[in-house]
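Here is the structure we will look at, set down as structure tokens.
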Amino acid sequence: MIEIAYGIEIQPEKDPYVETAQEVVHSIIEAGTPGKFLVDIWPWMKYIPAWVPGAGFQRKVARWRQCRNDLLELPFEASKKRMDDGNLDLCFVSSRLSEIESDTKMRPYDEGIIKNAAATIFAAGVDTTTHTIRAFILAMILYPEVQKKAQREIDSVLGFQRLPEVGDIDALPYVFAICKEALRWHPLVPSGVPHVASEDDVIQGYFIPKGTIVFGNTWMLLHNEADFGPNTDRFDPERYFIPGVRDPRSTGAFGFGRRICSGRHMAMNSVFLAIASILQVFEISKERDGSGKEIPVEAKFCSGFVSFATEFKCTIRPRSSAAEELIIRSVS
Ligand code: HEM
């Protein structure tokens, strides 16, 4: 995501930009959980000075504000500097800033819009995409037959000639069904992002006054057997081949209405590329202990506004020497 937004390659560990983005995302998760802070219930509390007992949220918010500013400013400035030095590859920032330079009608504050948009791509895309791929890896350990079937499909279409591309989606329907199931099985935002009713409404006889906070129950929608076929607690890509079955992309996995995830098309392409490439070249399995016995794995997800798979052990190794060669060819 940081390469797409800013053209900056991340460090393999403890990348400062990624750590800041993660802190911002965690602040959004904490602040976005309705009722998490008393100030949500009594808004006048925002006037209490930070040193008063019970006003700890003020200190948290000050720290979060600093992180938000760092996320907004630091990678953008680094990206701009590289551009000035003639050292920046094609990315969102470079392409948009070049437009400003070549178009005299662009206004000075357009640079601020580009800065905000780049930070949004970065912050909104990092954890969401990785947690979806994490759910997929967990599912491959728990449902090895799904992994085998997907690998047979990829082997027959691509072999080990090249890694998958977005143009391969139609030729790999089972792999794409796995991507949809990774979105549906344990949705990232199970209770949906809170929205506000913009006008009075009546839904199935219930009066919803303007200003009411409403939640789309994503978990319920994505586990409804009438829409997704039987055993919705199972990770089962076959369900997408049942005629009339719903698509999780338009059933809440990316939210609802005019605030639906604006990165959903890019997200789905990224998820497909990651999942198809992993399946093509790697074998995912349970880790074994010193005596060669498989270490059991359970599907455990943290609870909260955002829910993702908690830590689990697994082994990921190249499927064959041909797969190993393809991996080396693709990174060099
Ligand atoms: C698999 C990955 C992703 C999932 C599951 C996901 C899910 C969501 C959800 C549930 C929402 C809340 C929508 C609502 O309010 O109803 C959202 C909002 C948003 N997402 Fe994503 N997202 C993903 C990836 C991305 C990526 C890659 C980007 C950017 C490139 C992105 C950008 C955004 C933005 C900007 C919003 C706020 C939209 C608004 O409030 O108008 N997302 N996403």
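These numbers were taken from a predicted model, which means no experiment stands behind them. Both backbone and side-chain heavy atoms feed into the values below; hydrogens, waters and symmetry mates do not. Along the sequence shown, residues carry numbers from 1. Just so you know, ligand 1 is whichever comes first in the structure, and atom 1 is the first atom listed for that ligand.
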the protein heavy atom lying closest to atom 12 (C) of ligand 1 turns out to be V193 CG2, 3.4 Å
Give the atoms of ligand 1, by number and element, whose distance to some non-hydrogen atom of T120 is under 4.0 Å.
-> 35 (C)
Heavy-atom contacts under 4.0 Å between M266 and ligand 1: side chain, backbone, both, or neither?
-> side chain
Has R329 got more than 12 heavy atoms of other residues, nucleotides or ligands less than 6.0 Å from its CZ?
-> yes
Is it the case that more than 12 heavy atoms not belonging to Y47 sit under 6.0 Å from its OH atom?
-> no
Check the pair D155, Q151 against side-chain hydrogen bond (donor to acceptor under 3.5 Å, both in side chains), reporting the backbone distance first and the verdict last.
-> CA-CA 6 Å; D155 290 350; Q151 286 170 338; over 6 Å; no
Has I41 got more than 12 heavy atoms of other residues, nucleotides or ligands less than 6.0 Å from its CD1?
-> yes
Taking atom 15 (O) of ligand 1 as the reference point, the nearest protein heavy atom with its distance = H195 NE2, 2.8 Å
What is the minimum heavy-atom distance between S320 and F160, and which atoms define it?
-> OG-CZ, 3.9 Å
Residue part near ligand 1, for A253, under 4.0 Å between non-hydrogen atoms = backbone
Only one of L163, L326, I327 clears side chain to side chain contact (heavy atoms under 4.5 Å, CB included) with S277; which?
-> L163
Under 2.8 Å from atom 21 (Fe) of ligand 1 - protein N/O/S, by chain and number | C261 SG
Any idea how H223 and H186 line up, ring-wise: parallel (<30°), tilted (30 to 60°), or perpendicular (>60°)?
-> perpendicular
Report, as yes or no, whether the 6.0 Å neighbourhood of atom CD on Q11 holds more than 12 heavy atoms from other residues, nucleotides or ligands.
-> yes
Closest to atom 1 (C) of ligand 1 (judged by heavy-atom distance), picking from D127, T132, V126 | T132
Steps toward salt bridge (Lys or Arg N to Asp or Glu O under 4.0 Å) verdict (E145, K148) = CA-CA 5 Å; E145 69 288 355; K148 290 265 165 307; over 6 Å; no
Decide whether the shortest distance between a heavy atom of M268 and an atom of ligand 1 is less than 4.0 Å.
-> no
Which of the ligand 1 atoms, numbered from 1, are nearer than 4.0 Å to a heavy atom of M1 | 27 (C)
closest protein heavy atom to atom 13 (C) of ligand 1 is R259 O, 3.1 Å
Quick one: does atom 17 (C) of ligand 1 have a protein heavy atom under 4.0 Å from it?
-> yes
Check whether the ring centres of F301 and W185 lie less than 6.0 Å apart, and answer yes or no.
-> yes
Face-on cation placement of K300 at F312 ring, 6.0 Å and 45° thresholds | no
